[in-house]
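Right, one structure below, let's go through it.
Computed from a predicted model, the values in this text were never measured in an experiment. In what follows, chains carry the letters A, B, and so on, assigned in the order in which the sequence lines appear, proteins first and then strands, with residues in each chain numbered from 1.
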2 protein chains.
Amino acid sequence: MAKPPVRLKDIAEATGFSANTVSLALRGSPRLPVETRERVLEVAERLNYFPNHVARSLVSGATRTIGLLMTDIMNPTLTLAARTIERELSRAGYGMMFAASDASVESEKRAIGLFLSYRVDGMLIYPASHNTYAHISAVADAGIPVLMLVELPGSGFDTVAIDDRAGAFKAVSHLCKAGHRHIAMLDGGKAHGNLDKMKGAQKAIRAARLPKGALSLFEPGGHSLADGSAIMAEVMATDPRPTALFASTDSLAIGALHWCRENGVSVPRDLAVIGYDNTEMAAYGASPLSTVNYAADEISRLGVDRILRRIAQREDAADPETTLIEPDLIIRGTT
Amino acid sequence: MAKPPVRLKDIAEATGFSANTVSLALRGSPRLPVETRERVLEVAERLNYFPNHVARSLVSGATRTIGLLMTDIMNPTLTLAARTIERELSRAGYGMMFAASDASVESEKRAIGLFLSYRVDGMLIYPASHNTYAHISAVADAGIPVLMLVELPGSGFDTVAIDDRAGAFKAVSHLCKAGHRHIAMLDGGKAHGNLDKMKGAQKAIRAARLPKGALSLFEPGGHSLADGSAIMAEVMATDPRPTALFASTDSLAIGALHWCRENGVSVPRDLAVIGYDNTEMAAYGASPLSTVNYAADEISRLGVDRILRRIAQREDAADPETTLIEPDLIIRGTT
DNA sequence: CTGAAAGCGCTAACAT
DNA sequence: ATGTTAGCGCTTTCAG
């Protein structure tokens with residue numbers, strides 16, 4: 001097998017035209033008679049011609065490919081985003097390269113290097129770290145459009161992301177309004193310099209004119225289900241015992257729910273629970289969890305729009321723009 | 001910004017060598033004095049040079065990119081496979097393009113066209129249909145290595161996939177051995193020409209020397225959680241009433257579990273349940289469901305190995321090889 | 001209306 | 001030990 005692929009030249013020979021004419025015909029140039037074009041198209045079809053995108057990219061300087069770089073695609077929220085991004089890109093006639101950083105800055109660097117070699121026209125990045133991003137800035141500075149899927153204040157990146165502060169504010173405000181006076185929050189984000197959710201929660205407490213102590217912060221070791229479960233003993237042993245829980249992550253919340261079930265704590269009677277970023281169960285239409293809903297779809301659509309726009313306006317580096325999507329609060333069985 | 005990227009020529013000018021020498025140096029040719037090489041590397045580093053993979057591909061005829069085409073990345077099983085595949089490829093220095101077909105043959109064709117234009121070195125495909133794959137055969141016939149992640153008997157593709165027959169056999173055998181004499185099976189695969197699970201289940205019945213009627217087949221409208229839930233009334237109304245359930249899909253099984261909980265059917269006391277392809281909850285370490293476990297990791301690793309091997313042995317079209325992975329049976333709370 | 005020539009950035013064969 | 005030349009498949013001037 002292994003036939004060499006059909007080239008422009010092959011069509012040229014088969015039709016008697018020159019490669020140039022064939023090229024024009026295939027791209028539907030108006031300055032060619034319909035007759036010629038049809039003849040060429042027909043032969044191209046018959047020969048099963050596919051334009052060599054590689055060669056085309058070399059001359060045009062654009063690959064019509066964007067790179068998507070994420071920490072971990074196993075996070076259902078990111079999976080959903082990845083899917084939507086791919087869809088939107090493909091609709092726009094763009095290809096997508098994918099790489100995962102596993103939340104390691106080193107891997108992230110490697111992946112970016114890969115994308116750079118492959119000459120992607122732009123990158124969508126869900127970064128490994130909130131602090132270390134000089135390597136990403138370098139890309140943007142080199143004039144390659146980069147769009148961040150997370151807000152990194154002061155970083156100067158184009159951004160389309162969730163407004164975590166607003167989300168946390170909504171969630172905790174809801175709890176306050178429901179009469180809760182002792183609210184526990186599970187958030188390991190501090191270690192990564194991600195204070196938004198905490199800030200939003202605190203603001204809600206202030207807005208409700210509750211004392212600062214109405215919100216107590218707990219930092220699980222990670223953001224896995226097991227971590228959420230593990231810290232609950234500590235949470236429920238606190239005096240005064242919290243009557244509501246706000247978890248900065250869906251899996252933490254689910255872990256907490258598990259602990260409650262196993263320890264005879266009735267949710268939401270004894271403990272109201274609100275999670276965050278809920279997608280996992282929601283994808284199955286089965287989540288019993290109240291959540292701040294990560295708007296992956298909207299972010300993805302806006303993100304793709306924006307980066308394609310940036311690519312189009314190649315000329316100058318317009319000022320970076322940050323769009324924050326305010327997430328909806330979805331109240332289900334646990335509140 | 002938008003500086004034009006650094007080329008070989010730029011380094012050549014900066015060092016006084018020719019582009020050729022620079023190229024050789026960067027690729028560590030042994031026929032260059034170490035001195036020269038170091039000088040070149042240093043300048044390349046300083047200038048922040050990245051090889052233009054596009055140009056390199058044009059001359060080498062290989063893009064060191066493979067295309068991954070799946071029906072839907074939101075299926076956690078496939079997500080996991082995608083992640084592992086990306087990892088393995090990146091370890092091997094390959095880039096990955098991703099596209100989703102949404103189980104539509106038309107989209108699949110479009111995506112394949114895209115991959116073809118981009119001149120991927122090979123494709124990993126989880127196909128949209130078990131019947132319609134002429135467009136994929138065409139790719140393989142054109143000499144582009146294709147590896148199928150699903151077994152399509154008689155299709156002549158290189159394949160690394162789950163042995164669904166063995167999986168179903170294991171599951172139903174387990175139920176038979178546990179003394180069940182009336183087993184219901186949920187499987188909508190017949191419509192797609194996917195009979196393996198059914199065949200395996202029937203074989204298990206025969207092997208257990210039970211009458212054919214010991215297994216009754218139910219066909220849900222789809223494979224969603226809701227579909228699984230919806231069909232349970234019918235299942236449990238059957239006479240004699242089944243004491244065990246084998247669902248061909250994880251979501252069907254979970255849907256069934258929901259129905260049981262809402263209808264006072266105690267699992268596993270009144271009904272033993274085994275699902276299939278379990279990854280969703282398992283990813284959270286929290287599945288209560290007994291399952292036939294899709295070995296996404298193993299499949300991915302073997303699949304990548306195989307396609308890279310095929311690419312390496314470019315020369316001839318060796319006979320297609322089919323590797324079937326026998327899935328493990330994981331017994332949890334529901335059995 | 002169509003063809004010939006040049007060149008995108010790189011590598012491979014062939015000089016020097 | 002290094003430089004020159006040609007060419008990968010395509011698009012883009014520029015001629016005819």
Side-chain angles (χ1 to χ4, degrees), chain A residues 2-41 43-44 47-65 116-121 142 144 314, chain B residues 2-41 43-44 47-65 116-121 142 144 314:
Chain A
K3 317 153 187 166
V6 193
R7 298 155 306 160
L8 231 39
K9 203 180 166 190
D10 299 319
I11 304 183
E13 281 166 8
T15 56
F17 292 107
S18 78
N20 186 346
T21 303
V22 174
S23 171
L24 291 174
L26 286 173
R27 285 174 300 152
S29 165
R31 67 190 220 202
L32 251 39
V34 222
E35 220 177 13
T36 305
R37 183 165 66 225
E38 294 200 331
R39 172 99 187 87
V40 169
L41 285 177
V43 174
L47 257 36
N48 219 302
Y49 172 78
F50 276 92
N52 185 331
H53 190 88
V54 175
R56 184 179 284 179
S57 295
L58 184 59
V59 29
S60 73
T63 52
R64 289 192 80 82
T65 303
L116 249 21
S117 301
Y118 279 79
R119 292 297 194 268
V120 297
D121 292 342
I144 296 168
R314 241 223 131 348
Chain B
K3 316 152 188 165
V6 192
R7 299 155 306 160
L8 232 38
K9 203 181 167 189
D10 299 319
I11 304 183
E13 281 167 9
T15 54
F17 293 108
S18 78
N20 185 346
T21 304
V22 174
S23 171
L24 291 173
L26 286 173
R27 284 174 300 151
S29 164
R31 67 187 221 204
L32 250 40
V34 222
E35 219 177 18
T36 307
R37 181 164 68 223
E38 293 200 332
R39 174 98 188 87
V40 169
L41 285 176
V43 174
L47 256 37
N48 218 300
Y49 173 78
F50 277 91
N52 186 330
H53 189 89
V54 175
R56 183 178 285 180
S57 295
L58 185 58
V59 26
S60 72
T63 52
R64 289 193 80 81
T65 303
L116 249 20
S117 301
Y118 278 80
R119 292 295 194 269
V120 298
D121 292 342
I144 296 169
R314 250 240 118 336

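- For the pair B/R39 CZ and D/dT2 P, the computed distance is 13 Å after rounding to whole Å.
- The shortest heavy-atom contact between A/V54 and B/R119 is CG2-CB, 4.1 Å.
- Put simply, CD on B/E13 is 13 Å from C1' on C/dG9, counting in whole angstrom units.
- Under the 4.5 Å side-chain criterion, counting only non-hydrogen atoms from C-beta, B/V6 is not in contact with B/F50.
- Along DNA chain C, the nucleotide nearest B/V54 and the nucleotide nearest B/R27 are compared for position; the residue whose nucleotide lies closer to the 5' end is B/V54.
- Residue-level contact check: A/T36 touches the backbone only, with heavy atoms under 4.0 Å from sugar-phosphate atoms and none from bases.
- Counting only heavy atoms from C-beta outward, the side chains of B/P51 and B/R56 approach each other to under 4.5 Å.
- B/Y118 has its side chain out of reach of B/T63: every pair of non-hydrogen atoms, C-beta onward, lies at least 4.5 Å apart.
- Atom CD of A/E35 is separated from atom C1' of C/dC1 by 12 Å (rounded to the nearest Å).
- Within the 4.0 Å cut-off from OP1 or OP2 of C/dC10, at least one side-chain nitrogen or oxygen of B/Y49 is found.
- One atom, CG of B/N52, and another, C1' of D/dC8, lie 13 Å apart when rounded to the nearest Å.
- Distance, B/K9 NZ to D/dT4 P: 12 Å, rounded to whole Å.
- Atom-to-atom, CG of A/L58 to C1' of C/dG7 comes out at 9 Å; the value is rounded to the nearest Å.
- You'll find that the side chain of A/R56 is closest to D/dT11, out of C/dT11, D/dG9, D/dT11.
- With rounding to whole Å, B/H53 atom NE2 is found 13 Å from C/dG9 atom C1'.
- Within the 4.5 Å cutoff, side-chain heavy atoms of B/Y49 are placed close to those of B/L26.
- At least one side-chain nitrogen or oxygen of A/S23 sits closer than 4.0 Å to the OP1 or OP2 atom of D/dT11.
- Between B/S18 and A/A19, the residue anchored closer to the 5' end of DNA chain D is B/S18, taking for each the nucleotide with the nearest heavy atom.
- Put simply, A/T21 has a side-chain N or O that comes within less than 4.0 Å of OP1 or OP2 on C/dG3.
- Side chain of A/V59, nearest nucleotide from D/dC10, C/dG3, D/dT4: D/dC10.
- Using a 4.0 Å heavy-atom distance criterion, B/N20 is classed as a base contact.
- Taking atom CG on B/L8 and atom C1' on D/dT2, their separation rounds to 14 Å, with Å as the unit.
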